[in-house]
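Computed from heavy atoms alone, side chains included, the values below leave out hydrogens, waters and symmetry copies.
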Amino acid sequence: MRYMSLIYPLLTASLAVTAAFSQEQRPMADKNLGPAMPPNQESPSLSAPADGDTVMLSDVLGNDRSINIFAGFTRDFATISERFEDSSLNTTIMAPINSAIMALPRKPWEDPEDYDRLGPNAYEGEPGEERAQRNLRRFVEAHVVPVSPWKEGEKVKTLAGGEVWWESKDGVKMIKPGNIEVSSVASKVYNGEVWILKGVRNYA
């Protein structure tokens, strides 16, 4: 199973190096400067256009090593990467920590239905790799909400189509459904926020 046996271990082993390299190649966002979101909380598309110095989600997603597996997955899909670079599209990224992804009973690109239909070689060859890419995209899109700021109790659909909302309990954000704890809001920038999740959303 070439895709499963090679891509996942190589990605996991190399992401720290890749993240460090990418950080050297572009300016780091100074977390002490506070959010770069427009102070009136309007959508960037309704306020002044972003200029070359504006910090975007694409600039900060790879800065936190605890989510670099998920950050690496997002770079596989041009439309998702382009969204994170777009000043007119507000987004909340719900990024699972590395350990939550590694603890999954199956890889993010695996679907039990594929094995049921196609057997143990479901991800062999070019058709198998295309199938795995579709599944991985669904995993990523299940963790991206096309809204920011995202108000408590506001039900929205992820890019994958599932409905999601959040509630605060004892000062802790919990993603619903699933009761997944948000450990922190890692970044607030012009076109959205990066939330770090302690678990993984249902993406099947």
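- The nearest pair of heavy atoms linking Trp109 to Ala132 is CB-O, 3.3 Å.
- Side chains of Asn191 and Asp86: no donor on one and acceptor on the other come within 3.5 Å.
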Checklist entry - Where do Leu104 and Arg106 land on the side-chain contact (heavy atoms from CB on, under 4.5 Å) test, with the steps shown first? => result CA-CA 5 Å; Leu104 289 171; Arg106 64 182 190 272; 5.6 Å; no
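- Using a 4.5 Å cut-off on side-chain heavy atoms (C-beta onward), Asp114 and Arg131 make contact.
- Judged by distance alone, the side chain of Ser183 and the main-chain N or O of Ile196 form a donor-acceptor pair under 3.5 Å.
- Remark: side-chain polar atoms of Thr158 are not paired, donor with acceptor, to backbone N or O of Val145 under 3.5 angstrom.
- Shown are Val189, Asp59, Val144; of these, the side-chain contact (heavy atoms from CB on, under 4.5 Å) with Phe84 is made only by Val144.
- In this structure the side chain of Met94 reaches within 4.5 angstrom of the side chain of Trp150, judged on heavy atoms.
- Once rounded to the nearest 0.5 Å, the distance linking CD1 of Ile93 with CZ of Arg83 reads 9.5 Å.
- One N or O on the side chain of Asn98 and one on the backbone of Ile69 form a donor-acceptor pair closer than 3.5 Å.
- Side-chain contact between Ile67 and Leu61: present, with at least one pair of heavy atoms (C-beta onward) separated by less than 4.5 Å.
- A distance of 11.5 Å separates OG in Ser87 from CG in Leu57, rounded to the nearest 0.5 Å.
- Between Ile101 and Pro96 the shortest side-chain heavy-atom distance falls below 4.5 Å.
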Checklist entry - side-chain hydrogen bond (donor to acceptor under 3.5 Å, both in side chains) between Trp165 and Glu163: does it pass, once the steps are laid out? => result CA-CA 7 Å; Trp165 68 97; Glu163 189 173 67; over 6 Å; no
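- The side-chain heavy atoms of Pro146 and Thr91, taken from C-beta on, include no pair separated by under 4.5 Å.
- Side chain to side chain, Trp195 and Glu193 meet the donor-acceptor criterion of an N or O pair below 3.5 Å.
- Of the inter-residue distances, the one linking Ser184 atom OG with Lys173 atom NZ reads 10.0 Å to the nearest 0.5 angstrom.
- The side-chain heavy atoms of Val182 and Leu197, taken from C-beta on, include a pair separated by under 4.5 Å.
- Between Lys176 and Val164 the shortest side-chain heavy-atom distance does not fall below 4.5 Å.
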Next on the checklist: Determine whether Ile80 and Glu141 satisfy the following criterion, side-chain contact (heavy atoms from CB on, under 4.5 Å), listing intermediate values before the conclusion.
Outcome noted: CA-CA 8 Å; Ile80 295 174; Glu141 290 180 339; 3.9 Å; yes
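- Between the side chains of Arg137 and Thr74, no donor-acceptor pair is found at a separation under 3.5 Å.
- The side-chain heavy atoms of Arg201 and Ile175, taken from C-beta on, include a pair separated by under 4.5 Å.
- Separating the CE atom in Met174 from the CH2 atom in Trp166 is a distance of 12.0 Å, to the nearest 0.5 Å.
- Other residues, nucleotides and ligands place more than 12 heavy atoms under 6.0 Å from the CD atom of Glu167.
- Atom-to-atom distance recorded for Leu136:CG and Glu129:CD is 12.0 Å, nearest 0.5 angstrom.
- Remark: Ser88 OG to Tyr190 OH distance equals 9.5 Å, nearest 0.5 Å.
- Tyr123 and Asn135 are linked by a side-chain donor-acceptor pair at a separation below 3.5 angstrom, with hydrogens and angles left out of the test.
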